[in-house]
There are 2 protein chains.
Amino acid sequence: MMGSMSKQPKYQQVADALRREIDKGTYGPGSRLPSEAELAARFEASRNTVRSGLGLLVSQGLITSSQGLGYEVRKHEIFELNASRFENLNFPQNGDAYSTDVTNAGRRPHQTFRVEVTTMPEDIAQRLRVETGSRAVLRFCHRFVDDVPWSTQATHYPDWLVREAPRLAEPGDVAEGTTRYLASHGIEQIGYADEIATRMPTPDEARLLEIGPGVPVLLWTRTGYTAERPVRCTITTFRGDLNRMNYEIGDLSARNENDAQ
Amino acid sequence: MMGSMSKQPKYQQVADALRREIDKGTYGPGSRLPSEAELAARFEASRNTVRSGLGLLVSQGLITSSQGLGYEVRKHEIFELNASRFENLNFPQNGDAYSTDVTNAGRRPHQTFRVEVTTMPEDIAQRLRVETGSRAVLRFCHRFVDDVPWSTQATHYPDWLVREAPRLAEPGDVAEGTTRYLASHGIEQIGYADEIATRMPTPDEARLLEIGPGVPVLLWTRTGYTAERPVRCTITTFRGDLNRMNYEIGDLSARNENDAQ
DNA sequence: GGTATCAGCTTGTACCAACAAGTTGAGCAA
DNA sequence: TTGCTCAACTTGTTGGTACAAGCTGATACC
């Protein structure tokens, strides 16, 4: 008999076996797993041991659990973001790429706004070449798609810029969009430096984005430059399981002309 | 007394308290936390409860644990990758941006190579506009920095391309670099489509990259185009805790001229 | 029919106990 | 000094128990 030719701990065997069955399709996306008690019987392990194995899969983002309901295989649905186009050009009207992108995808966008006068955190101050702790205006945005939390966006503006463009410090949306508003005051952004990183969410982020365990966040930091200097820094925090960033570099006419799907 | 004005479960209180102390600097990067037994005494909880709280912080990537040693606050050291420059131009000699980037950063690069003849997976086939399951050459690369696993890179080449540039299918490195070799056969890449995503690693990835729990991976998919069609697709898997991707868009002369640190 | 309750399922939290396994340093022996 | 052993720490694994809390459907009641 094949008894215990295994060096691995039992909870890992449980996790591996379930992972294989999920990959194989025995349990498809959205379907429910057997209950802890059933799994305990099947693997001849205690409920605690089975819970350890299931906990592994949860923290790997493969399944979710809900009290009273059971364990469910996570389904993946991702949203594409085109980050390499410019922001300021020919956008129809109010606001940003986000609303148009989401609407074009046939989804319903929704966002809440907040404006604060605060001080520059160190990392932002470095990027904007101003002093840490100097005055700054923070415009914060919490975005939803079909009422599902999608991303948060925090843009810091240095004090010298706010003095030239005072409406940045006023609460509420800037109707024509901040980029256009800045351009009308002679601040034209002609270059962006983007940084992309990933990590596990902080408890705050997990709460705002309603992220379950095992889902990382995607951090997008964009610093906008005029011909002379950096003018603003935007940090967007995405749910990693729902978003993908796209960049186009060089000449991609071969891709875009024949949209052979 | 402030008894139990708390709705939160005890293991969360433990995790929150420790997270605050780590943020505050009570336990700095690299320092050791008190042992489970000490924490149990301090929080008046059982060892299991304390373990649950510590497990949270581990799966959030804030601390690590090693048997016999204890828990340690993770230190963060990130490596910057400039993804927006072209690959083919004026690189000195053998191989890719990776070696030069790492060497310039004063670190020691090291990589292992593997070449396979295989079939096209569905997602790659779509990007390269060939049939799923058709013949493909896979060049796989496992990269280290100072002997620490850093990333894996898998590039798929379609069959039609390999027939024009047969050395792609031969094992071992292409001395002058694949991009240059392709250009010498009339395959000049003039555009790249990049996609960036994140998720928790699969067990295979966790093994290859020696990733602990609570660390996501950063997935970078680059499809190279000639003027006529896509020619190759590279998927790079980075350790999310050690890497950050940078893109430059538009005119950034204001950033690059005065390298005010 | 509509509604309220509740039994019986599910997972979540918390504790206890015992032993396995990795690490370290004290202290003894050669 | 050098090297070995081992006790005393650490976390890892696995079992047990009990109760809390969320969900669902059947049942009884109005």
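Chain naming here is simple, since letters A, B, ... match the order of the sequence lines and numbering starts at 1 in each.
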CA sep, side-chain torsions, deciding dist, call: A:Tyr71, A:Leu57, side chain to side chain contact (heavy atoms under 4.5 Å, CB included): CA-CA 10 Å; A:Tyr71 292 83; A:Leu57 298 183; over 6 Å; no
A:Glu21 CD: over 12 foreign heavy atoms closer than 6.0 Å: yes
side-chain N/O [X] vs [N] OP1/OP2, d < 4.0 Å:
| X | N | answer |
| --- | --- | --- |
| A:Thr49 | D:dG15 | yes |
| A:Ser66 | C:dT10 | no |
| A:Tyr11 | D:dG15 | no |
| A:Arg51 | C:dT11 | no |
| A:Ser46 | D:dT14 | no |

Output one line per pair: protein atom, nucleotide atom from nucleotides 22-24 of chain D, and distance, for all N/O pairs under 3.5 Å.
unit_1, atom_1, unit_2, atom_2, d
D:dG22, N2, A:Gly68, O, 3.4

Pairwise 5' ranking along DNA chain C for A:Leu33 and B:Glu44, keeping only the more 5' one: A:Leu33
What integer distance in Å separates [X]:[atom1] from [N]:[atom2]?
| X | N | atom1 | atom2 | value |
| --- | --- | --- | --- | --- |
| B:Ile63 | D:dT11 | CD1 | P | 10 Å |
| B:Asn48 | C:dA18 | CG | P | 14 Å |
| B:Phe43 | C:dC15 | CZ | C1' | 17 Å |

5' priority, DNA chain D, between B:Ala37 and A:Val50 [closest heavy atom]: B:Ala37
A:Arg143 vs A:Cys141 side-chain heavy atoms within contact, under 4.5 Å: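 In contact.
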Would you find a donor on one side and an acceptor on the other, under 3.5 Å apart, between the side chain of [X] and the backbone of [Y]?
| X | Y | answer |
| --- | --- | --- |
| A:Arg32 | A:Leu69 | yes |
| B:Arg222 | B:Ala83 | yes |
| B:Gln12 | B:Pro9 | no |

A:Glu77/A:Lys75 ion pair, N-O < 4.0 Å: no
Side chain of B:Arg47 - closest among C:dT11, C:dC15, D:dT13: D:dT13
